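Taking it in order: structure first as structure tokens, then the write-up.
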Amino acid sequence: MKPEELELLKRFFPEAAVAMAGEIYGQRRFKLHFKRPRSSKLGDFRPPRAKNGICTITLNLDLNPYQMLITYLHEVAHYDVYQQFGSRSVQPHGKEWQNRFASLLLPVMTETIFPEDVLAALRQHLCHIKASSTADPNLQRVLRRYDKNAETVATVENLPEGARFALKNGLVFRKGEKQRTRYKCLCESNGRWYFVSALAEVKTLQ
């Protein structure tokens, strides 16, 4: 990896994980891009468009270092599964991907890289690996403690029942009862009930 590429990794990854992240990159053949925040995903893996083309991994550049590393390994696992199985019929987050993701994550699960609360959440996560860290409420809740805006962001679970809030798409809701990991909320624009994630970031309203 070129010196300027390593310097780029230092901007986004935990310091103790930079060398490992660079080594993973150097051992494989893919393009790595940091993208503007996307509400629908933290990162993605894209197979080559043409024969003998290069795969691409993208990561949202607003992720905190711990979320960035986990997402990076998540997408590298997709790359490795693609290299092994190609376009053959394997589930995107099936056993093949789960096993590869776990094998990439385990070596970095140390106190020199992750805080203890993140490590504890990751240990639980590995027992039941989800398609995304955002699908694991406990892990996502812990990771958000390290976001730059952690103290100013409101989430649905932190609002009192009956509170009004707006999602990023502009829709306005009134918070209802909790249903497992989501809340049943009334959309004021159409009068319909929706199940909204407890960890959805919202703007509070009067």
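In this text, all values refer to a predicted model and were calculated from it rather than measured experimentally. Side-chain atoms are counted along with the backbone in the values below, which use heavy atoms only and exclude waters and symmetry mates.
In this structure, OG1 in Thr56 is found 11.5 Å from CD in Glu75, a value given to the nearest 0.5 Å. Atom SG of residue Cys185 and atom CG of residue Leu171 lie 11.5 Å apart, to the nearest 0.5 angstrom. Taking CZ of Arg174 as the start and CD of Glu188 as the end, the distance is 5.0 Å to the nearest 0.5 Å. Separation of atoms CZ (Arg36) and CG (Leu61) is listed at 9.0 Å; rounding is to 0.5 Å. The structure places CG of Leu143 at 5.0 Å from CD of Gln67, a figure rounded to the nearest 0.5 Å. In this structure, CG on Asn64 lies 12.5 Å from CZ on Phe12, to the nearest 0.5 angstrom.
With contacts defined as side-chain heavy-atom distances shorter than 4.5 Å, the pair Leu126/Met109 qualifies. Between Tyr72 and Leu32 the shortest side-chain heavy-atom distance falls below 4.5 Å. His33 is not listed as a side-chain neighbour of Arg46, based on a closest heavy-atom distance of 4.5 Å or more. Contact of the Phe114 side chain with the Val108 side chain is registered, since non-hydrogen atoms from C-beta on lie closer than 4.5 Å. Residues Tyr146 and Asp117 meet the side-chain proximity criterion, which asks for heavy atoms closer than 4.5 Å. Counting heavy atoms from C-beta outward, Phe13 and Ile113 have side chains that stay 4.5 Å or more apart. Side-chain contact between Leu104 and Val76 is present, with at least one heavy-atom pair separated by less than 4.5 Å. When side chains are defined from C-beta on, Gln140 does not count as touching Pro137, because their heavy atoms never get closer than 4.5 Å.
The shortest heavy-atom contact between Met68 and Asn60 is CE-O, 3.2 Å. Taking all atoms of both residues into account, the shortest heavy-atom contact from Ala17 to Leu69 is CB-CD2, 3.7 Å. Closest heavy-atom contact between Pro48 and Cys55: CD-SG, 3.3 Å. Contact record, Gly22 with Leu6: CA-CD2, 4.5 Å, taken as the closest heavy-atom pair. Taking both residues in full, the closest heavy atoms of Phe195 and Gln179 are given as CE2-CG, 3.4 Å, listed atom of the first, atom of the second, then distance. Scanning all heavy atoms of the two residues, the minimum distance from Tyr183 to Gly176 falls at CD2-O, 3.5 Å.
Atom CD of Gln91 has 12 or fewer neighbouring heavy atoms from other residues, nucleotides or ligands inside a 6.0 Å radius. With a 6.0 Å radius and a threshold of 12 heavy atoms from other residues, nucleotides or ligands, Lys41 has its NZ atom above the threshold. Around atom CD of Glu177, no more than 12 heavy atoms belonging to other residues, nucleotides or ligands sit under 6.0 Å away. Glu111 CD: 12 or fewer foreign heavy atoms inside a 6.0 Å radius.
Counting only distance, with no hydrogens or angles, the side chain of Lys175 and the backbone of Val156 share a donor-acceptor pair below 3.5 Å. Side chain of Asp147 to main chain of Asn149: no donor-acceptor pair is present (N/O by atom type, distance under 3.5 Å, no hydrogens or angles).
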From CA spacing to verdict: side chain to side chain contact (heavy atoms under 4.5 Å, CB included), Tyr66, Arg145: CA-CA 11 Å; Tyr66 310 118; Arg145 296 173 186 169; over 6 Å; no
Arg141/Leu199 under side chain to side chain contact (heavy atoms under 4.5 Å, CB included): CA gap, chis, key distance, verdict: CA-CA 7 Å; Arg141 190 176 288 110; Leu199 296 177; 3.9 Å; yes
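Using a 3.5 Å distance cut-off with no hydrogens or angles, the side chains of Thr58 and Arg38 do pair a donor with an acceptor. Remark: the Thr155 side chain and the Asn158 side chain contain an N/O donor-acceptor pair separated by less than 3.5 Å.
By the 30° and 60° cut-offs, the orientation of the rings of His78 relative to Phe45 is parallel. Ring-plane geometry between Trp97 and His93 is classed as perpendicular, the angle between the planes exceeding 60 degrees on a 0 to 90 degree scale with a lower cut at 30.
In the hydrophobic clustering of ILVMFWY residues, with side-chain heavy atoms under 4.5 Å counting as a link, Leu42 and Phe34 come out together. Tracing side-chain contacts under 4.5 Å through hydrophobic residues (I, L, V, M, F, W, Y), one never reaches Leu205 starting from Val153; they form parts of separate clusters.
Remark: Asp44 does not engage Lys35 in a salt bridge, criterion side-chain N to carboxylate O under 4.0 Å. Salt-bridge annotation for Glu116 and Arg123: present, with a side-chain N of the basic residue lying under 4.0 Å from a carboxylate O of the acidic one.
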